[in-house]
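The sequence lines fix the lettering, A, B, ..., with proteins before strands; numbering per chain opens at 1.
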There are 2 protein chains.
Amino acid sequence: MNRRRTGGARVKATIYSIARELDISASTVSRAFSRPDMVNTKVRERILATAAAQGYELNRAARGLATGRTGLIGLVVLDITNPFFPPLVRAVERAASASDASVMLLDAESGGQKAADQLKRLSAQVDGLIVASPRLATKDLQAAVGSTPTVLVNRAVRGIPSVTCDNSAALREAGDHLVELGHRRILLLRGPAGSWAASQRTNAVRSWAQQTSADVELVELGPVEATYEAGWHAAEAIASSGATAIMAFDDYLACGVVGGLDEQGLSVPNDRSIIGCDDVLLARTLTPQLSTVTAPFEELGTRAVTLLSEVSAGGAPGNQKLSGEYAARGTTGRV
Amino acid sequence: MNRRRTGGARVKATIYSIARELDISASTVSRAFSRPDMVNTKVRERILATAAAQGYELNRAARGLATGRTGLIGLVVLDITNPFFPPLVRAVERAASASDASVMLLDAESGGQKAADQLKRLSAQVDGLIVASPRLATKDLQAAVGSTPTVLVNRAVRGIPSVTCDNSAALREAGDHLVELGHRRILLLRGPAGSWAASQRTNAVRSWAQQTSADVELVELGPVEATYEAGWHAAEAIASSGATAIMAFDDYLACGVVGGLDEQGLSVPNDRSIIGCDDVLLARTLTPQLSTVTAPFEELGTRAVTLLSEVSAGGAPGNQKLSGEYAARGTTGRV
DNA sequence: CTGAAAGCGCTTACAG
DNA sequence: CTGAAAGCGCTTACAG
């Protein structure tokens, strides 16, 4: 057996290969990485140097086995293809890597039993779960999650910490803005049935409509899927509803409505005004730009990661509420 | 110490806890999961039953340590926020989970040294890497990847297998379509400097322009970033270029141009025609829908995963070329 | 088909 | 500050 050795040993670098080369114990090498202040500075430096020379990379699976912590965060999204999720994924990824964790992504593809099974499998491999998958049935969720620390995004389930976005103030403001612009008959295009966010937003708009001093008439349409197509198809009914302004569940849906209204020969904001929610990429690429309620993606992600580490540490944090802000842009005009 | 025991043992389920309960060896339990046909059917059934009863989930990190394969695929994307990536991520995720692997996501956030470091770290934790990050410097890429099996998406680097999309035929077709519609002065809005896909597409359009029998004059603008804003800002120059049609590097950029042209008082397709590339979500949500060259996301993802497993198995597959198709939609009209 | 045993690459309590 | 040793939860060659 003629092992090729060029310069350093060409064997796989481990704490042992480093220890051998330096003639010290593997324990010390291990400590140099896991608890650097426990080892002599000189020694540590030599370890780091030969680690670099050998191209050593810590094997996280092995560490995970020894410590019981994998350094992995499972991130479950409803549908990565929905423009709401990419900015959230990015924020979570950033926050995770800041705390030296990596993220395993699971695209739940709209929930269903398969998603529940995959979630169950995932939950066993990670330190914690961040779930942004509003459609997963609560029971499946609880069952799949088991005892894995979990935090929910934009959804509240009894007993599971969450970070949610309270848009009621912003939606009020949005409604008031429409009133100022002279709108009186306003259509609320409700989001998906069973979506926590959808019912929150619906309630917020309803209560605004009831409490406003103006003589507002709220027409409701839905529930509908939160997709462009759904919005597009709703446009006909919207056009004939007599409403001059639309408050849509989210931007994605709102963009579809704008497209569909165009098909009906109606232009925004001249013929109709519309307001979305979330401020996703589509909101900015729409011409004119969509008036909307912004979602603080960056913070949603950061807080989710922070909450998760609190749960992992044994805490029982409550629900964190962030809030969106109304941004009047190009799709709201005088009646 | 009063351990609570309700029904089954409340200890963590492992192959040992199952073995103990069934009074068999852990080896057999292990085989029941890793190589089921090696164990007696009856025995296997009992194992599976008590595993379910105990809520056992295989610890993949432990398996990984033992086998040297983690069951993890690292997926590196340039920028998850760019609409090109979500469909790709989804396709990869699907294909991975079909072969019982999970994906670890790394958002390279436009490359840079940080991304290279993160990649290096990631590469040590996964069985293989799928890299869709055109900006990562080739050297960094090669260094970070080391000996980890890797496949590139939409980029070709000597010595690394890849799956790319050859759009030249579709771009020719797109060009011909513009000519048919009466366009003669056509502006090529080039993508980012250093992007492999951008140079491919640029070359394809140039060679089409040279070879076409029509009297086409190709005006070039760029390189520019592939973002909405970049497209938007390019619109002024485009408007004054005298070109009646634009072929843009990708859809994202094209949508920005449409927005910017609108700002210039120019409408699409009446005043200008435009064609994008990739067929991302934005292409469909634009009003009118964007004429574009479609990218076969699903296949891109599937093939990448397949290629990766070939590399892991010791093969040295070459580059796989898929191809896009021209889809004439609403943004191309008569001059 | 099954079991005993060694090993994967770390960590960490314990003893120095 | 350092080392020897046990252990994390699996897999697998080897012997039966």
Side-chain angles (χ1 to χ4, degrees), chain A residues 9 11-48 50-51 54-72 100-102 121 123-127 148, chain B residues 9 11-48 50-51 54-72 100-102 121 123-127 148:
Chain A
V11 287
K12 187 180 186 195
T14 67
I15 54 171
Y16 297 105
S17 66
I18 297 173
R20 205 172 309 125
E21 186 163 337
L22 259 29
D23 204 34
I24 58 180
S25 83
S27 310
T28 301
V29 178
S30 171
R31 288 193 194 98
F33 295 105
S34 56
R35 342 175 49 167
D37 39 85
M38 282 187 72
V39 358
N40 180 294
T41 308
K42 303 281 184 195
V43 176
R44 192 194 328 134
E45 280 164 1
R46 292 172 56 217
I47 291 174
L48 263 27
T50 103
Q54 295 191 7
Y56 172 73
E57 282 288 338
L58 179 66
N59 180 326
R60 308 230 162 213
R63 168 181 279 183
L65 192 53
T67 61
R69 313 198 69 250
T70 60
L72 262 29
D100 205 39
S102 300
R121 180 190 189 293
S123 70
Q125 318 304 140
V126 299
D127 290 340
T148 307
Chain B
V11 288
K12 186 179 186 196
T14 66
I15 55 171
Y16 298 105
S17 67
I18 297 173
R20 204 172 308 125
E21 186 163 337
L22 258 29
D23 203 35
I24 57 181
S25 82
S27 309
T28 302
V29 178
S30 171
R31 289 194 193 97
F33 295 105
S34 54
R35 342 176 45 169
D37 39 86
M38 282 185 73
V39 357
N40 180 294
T41 309
K42 302 281 184 197
V43 176
R44 191 191 332 132
E45 280 165 1
R46 291 171 57 216
I47 291 173
L48 263 27
T50 103
Q54 294 191 9
Y56 172 73
E57 282 287 338
L58 178 65
N59 179 327
R60 308 229 162 213
R63 166 181 281 184
L65 193 53
T67 61
R69 314 196 69 251
T70 61
L72 261 28
D100 206 37
S102 300
R121 180 189 188 292
S123 70
Q125 319 303 140
V126 299
D127 290 339
T148 307

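Counting any heavy atom pair closer than 4.0 Å across all strands shown, A:F33 reaches no nucleic acid atom. Nucleic acid contact for B:S34: sugar-phosphate only, since backbone atoms but no base atoms lie under 4.0 Å from a heavy atom of the residue. Contact annotation for A:S27: base contact, defined as any heavy-atom pair under 4.0 Å involving a base atom.
Of all nucleotides in DNA chain D, those with any atom nearer than 4.0 Å to a heavy atom of chain A start and finish, going 5' to 3', at D:dC1 to D:dG9.
Here the side chain of A:T148 pairs a donor or acceptor atom with the backbone of A:S123 at under 3.5 angstrom.
From B:Y56, atom OH reaches atom CD1 of B:I15 across 6.0 Å, with rounding to the nearest 0.5 Å. In this structure, CD1 in A:I47 is found 10.5 Å from CD in A:E45, a value given to the nearest 0.5 Å.
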Quiz: residues 27-40 of chain B side-chain donor-acceptor pairs under 3.5 angstrom, not counting sequence neighbours:
residue	atom	partner	partner atom	Å
B:T28	OG1	B:S25	OG	3.3
B:S34	OG	B:S30	O	3.0
B:N40	OD1	B:K42	N	2.7
B:N40	OD1	B:V43	N	3.2

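Considering every non-hydrogen atom in both A:T50 and A:E21, the closest pair reads CB-OE2, 4.4 Å.
Of the two residues contacting DNA chain C, namely A:A26 and B:D37, the nearest-nucleotide position lying further toward the 5' end is that of B:D37.
In the model, B:Q125 has no side-chain atom that pairs as donor or acceptor with a side-chain atom of A:E57 under 3.5 Å.
Of the P atoms belonging to C:dG9 and C:dA13, the separation is 23 Å, rounded to the nearest Å.
Using a 4.0 Å cut-off on heavy atoms, the residues of residues 60-69 of chain A that approach DNA chain D are A:L65, A:A66, listed by number.
In this structure, B:T14 has no side-chain hydrogen bond (donor to acceptor under 3.5 Å, both in side chains) partners at least two apart in sequence or on a different chain.
Applying the salt bridge (Lys or Arg N to Asp or Glu O under 4.0 Å) test to every pair with at least one member in residues 58-70 of chain B, sequence neighbours left out, gives these pairs: B:R60-B:D100, B:R69-B:D127.
Taking a pair as Watson-Crick or G-U with both hydrogen-bonding distances under 3.5 Å, the stems of three or more pairs touching DNA chain C are C:1-3 with D:14-16, C:5-12 with D:5-12, C:14-16 with D:1-3.
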Original post:
Please walk me through it: do B:S17 and B:K12 pass side-chain contact (heavy atoms from CB on, under 4.5 Å)?
Top reply: CA-CA 8 Å; B:S17 67; B:K12 186 179 186 196; over 6 Å; no
